[in-house]
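The structure appears below as structure tokens.
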Amino acid sequence: MSNKIYIFDTTLRDGEQVPGCQLNTIEKIEIAKELELLGVDVIEAGFPVSSPGDFKSVVEISKAVFEPTICALTRAVENDIKVAAESLKYAKRGRIHTGIGASDYHIKYKFNSTREKILERGIAAVKYAKKYVEDIEFYCEDAGRADNEFLAKMVEAVIKAGATVVNIPDTTGYCLPDQYGAKIKYLMENVKGVEKAIISVHCHNDLGMATANTLAGLMNGARQAEVTINGIGERAGNTSLEEVALTLQTHKNLNLQTQINTKRIYPLSRLVSNLMRMPVQPNKAIVGRNAFAHSSGIHQDGVLKNRDNYEIIDPEDVGVKQSSIILTARSGRAALKHQLSAMGLSFDKSELDKIYERFLRMADSKRDFSEEDVKALVGSKNDSLKIKILNAQIMSGNPNAPMAKVELEYLNEKHIETAIGNGPVDAAINAIRKIIIKKDVKLEEFFIQAMTRGSNDIGKVHMQLADSKNNIAYGFGSDTDIVFASLKAYVDGLNKMLYK
Ligand code: KIV
Ligand code: ZN
């Protein structure tokens, strides 16, 4: 059996089912092209019969993307299959993904049917789809809760009818890794003709086990993994592409390989997050903001001595420039010294000891320690900053557009500009952009967090800026006024991006 694992990306189909995260066709094409560069084998581009928009997206992605197979989802319904086939007519390699429920829950309560009738419908769907394209994937929906003997019967029958790939979804995210692994093993050992098709794993994350289940399936003979970027998807989401790719890369002894260019993972994660307006949780494995950030003294000291002490993945392998050291009350001297030298400041041991004592007193009353705080600590003021906010007046409005008047000191001169925007933050940023004209600097990520719960709470804003050469700068701001916190974060990011 080959050791190649095919990566089937369903960000644009299962991932896009997240409420409020719908994409238009242009956005989908942008993501599909990046998925192609990432090296995925299959892109599930949509469910064409579900809406004219989905139909159009499959057509346009088929025209724009050439390397991966383009796949369209259907139910085991002739019209769905016919429409899917039409939508794939420009695809260099097209696949129809059809299927039906395999668990008794679905058979009885969704279809009000019997195992025999459902089996017939599945076989008929494959035969019908085969009239249009050669490559047919069949999904046995809710296979995670299906009886293994019946499931084996279904898999055998659809392979005999012409399915080239059979998908065993844990639709409800119910399985434990050893159960799911055993299910795949059972199919590999009991389905006659199983070697004629690829067995695919498609796991949902309702119990937080999607990646573990996917790996258990691959270790037991499945050779295709169905995944999404950032693990997005209905309810608790799908298996995340980055977790599977990096686990296989990290655990080489599994001897399973994908053709994913892992260095493209992080930028694509941010593209998907921005286009879907779905922030990545900070502690998300591989792509979360904190995935390579070290904040406790013991870890910081260890990682500064040798990265391997606390990092199993080189951040550059996933497209993150470097790991970061975050100063908190738990940081030690090593981290403070590291931060000071990153700012071009060096001190002898006794000076450093004094600064460290002041740092500990200050850090106790703060959650985060910004570069500005460190400067205050060592006695230098803001004077070195090239961009400083002097004043800002922001008016939210409805029906009138929000407006901002921002006064900046920029390269030692005062500038005042006003601008409107689609919201107060947008208006303020537009005013800054009128003063600092750097067209290639884009706001890539914008994350607002309240620290406690009251309406008098302090808001924290993190921003990620990037330029056309993919240089990245992180800006941070906090204030009781969330718009002002955003402004501070943007200016902080600009100072770092333009004058570091
Ligand atoms: O989770 C699932 O069962 C699915 C199928 C439609 C493949 O997404
Ligand atoms: Zn699914």
Side-chain angles (χ1 to χ4, degrees), residues 6-19 21 40-51 54 58 69-77 80-81 83-84 87 95-107 109-111 118 121-122 125-126 129 135-147 150-151 154-155 158 163-175 179-180 183-184 187 197-211 213-214 217 222 224-241 243-244:
Y6 292 92
I7 296 293
F8 175 113
D9 182 276
T10 184
T11 305
L12 300 176
R13 199 279 297 170
D14 224 353
E16 213 237 355
Q17 287 175 209
V18 178
C21 289
V40 305
D41 300 280
V42 186
I43 294 176
E44 187 162 52
F47 179 12
V49 85
S50 68
S51 73
D54 249 39
V58 179
T69 295
I70 306 299
C71 179
L73 186 79
T74 81
R75 294 166 296 182
V77 170
D80 283 27
I81 295 171
V83 172
S87 73
R95 175 184 296 178
I96 291 178
H97 189 189
T98 190
I100 201 158
S103 69
D104 289 331
Y105 291 98
H106 281 220
I107 293 170
Y109 306 121
K110 186 170 158 185
F111 295 106
I118 288 292
R121 273 185 68 179
V126 174
D135 192 3
I136 309 296
E137 174 165 341
F138 186 87
Y139 61 85
C140 310
E141 199 178 5
D142 201 19
R145 292 188 298 170
D147 168 54
F150 174 67
L151 186 61
M154 187 178 243
V155 174
V158 296
T164 44
V165 182
V166 186
N167 179 7
I168 311 299
D170 184 19
T171 306
T172 55
Y174 167 77
C175 288
Q179 277 175 329
Y180 190 71
K183 191 175 279 285
I184 300 297
L187 297 175
I198 291 171
I199 297 298
S200 183
V201 286
H202 176 119
C203 299
H204 281 265
N205 205 30
D206 299 65
L207 292 173
M209 270 178 284
T211 301
N213 287 344
T214 294
Q224 178 177 278
E226 307 203 359
V227 291
T228 61
I229 300 290
N230 300 336
I232 56 164
E234 249 184 327
R235 308 186 309 277
N238 288 57
T239 304
S240 90
L241 182 150
E243 292 173 15
V244 173

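What you see below is based on every heavy atom in this structure, not just the backbone, and it leaves out hydrogens, waters and symmetry mates. Predicted model only: the values in this text are computed from it and were never measured. One-based numbering, in listed order, for ligands and for the atoms of each.
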What part of Asn167, side chain, backbone, both or neither, has a heavy atom within less than 4.0 angstrom of ligand 1?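 Within the 4.0 Å criterion, Asn167 contacts ligand 1 through side-chain atoms alone.
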Exercise for the section: Would you check if His202 and Tyr139 make a side-chain contact, meaning some heavy-atom pair closer than 4.5 Å? Expected result: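 Result no, sub-4.5 Å side-chain heavy-atom pair not found.
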Task: Flag side-chain contact, heavy atom, 4.5 Å: Val166 against Met154 - done: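 Counting from C-beta outward, Val166 and Met154 never come under 4.5 Å.
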- Item | Under 3.5 Å: N/O of Glu141 near N/O of ligand 1 |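 No; every N/O pair is 3.5 Å or more apart.
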Report task. Say whether His204, considering both its backbone and side-chain N or O atoms, lies within less than 3.5 Å of an N or O atom on ligand 1. Result ->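 Yes: some nitrogen or oxygen of His204 is under 3.5 Å from one in ligand 1.
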Check: What protein heavy atom is closest to atom 6 (C) of ligand 1, reported as residue, atom name and distance in Å?
Finding: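 Result: Arg13 NH2, 3.8 Å.
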Shortest protein heavy-atom distance from atom 4 (C) of ligand 1, along with the residue and atom involved
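The closest one turns out to be His202 NE2, 3.5 Å.
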- Query: For Gly231, does its backbone N or O pair with a side-chain atom of Asn205 as donor and acceptor, under 3.5 Å?
  - Reply: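 Such a contact is absent between Asn205 side chain and Gly231 backbone.
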How about Thr228 and Asn238: does a side-chain donor come under 3.5 Å of a side-chain acceptor?
->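 Side-chain D/A pair, Thr228 to Asn238: absent.
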field: Side-chain H-bond candidate by donor/acceptor type, Glu226 with Ser200, under 3.5 Å
entry: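 Yes, because at least one side-chain N or O of Glu226 sits under 3.5 Å from a partner of the opposite role on Ser200.
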Near Thr171, which atoms of ligand 1 are under 4.0 Å from a heavy atom of that residue?
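Those atoms are 1 (O), 2 (C), 3 (O).
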Self-check item: Metal proximity, Asp14 vs the Zn ion (ligand 2), N/O/S cut-off 2.8 Å
Solution: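 Checking Asp14: at least one N, O or S atom is under 2.8 Å.
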- Query: When rounded to the nearest 0.5 angstrom, what is the spacing between SG in Cys140 and CG in Asn167?
  - Reply: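 Nearest 0.5 Å value for the SG-CG distance: 7.5 Å.
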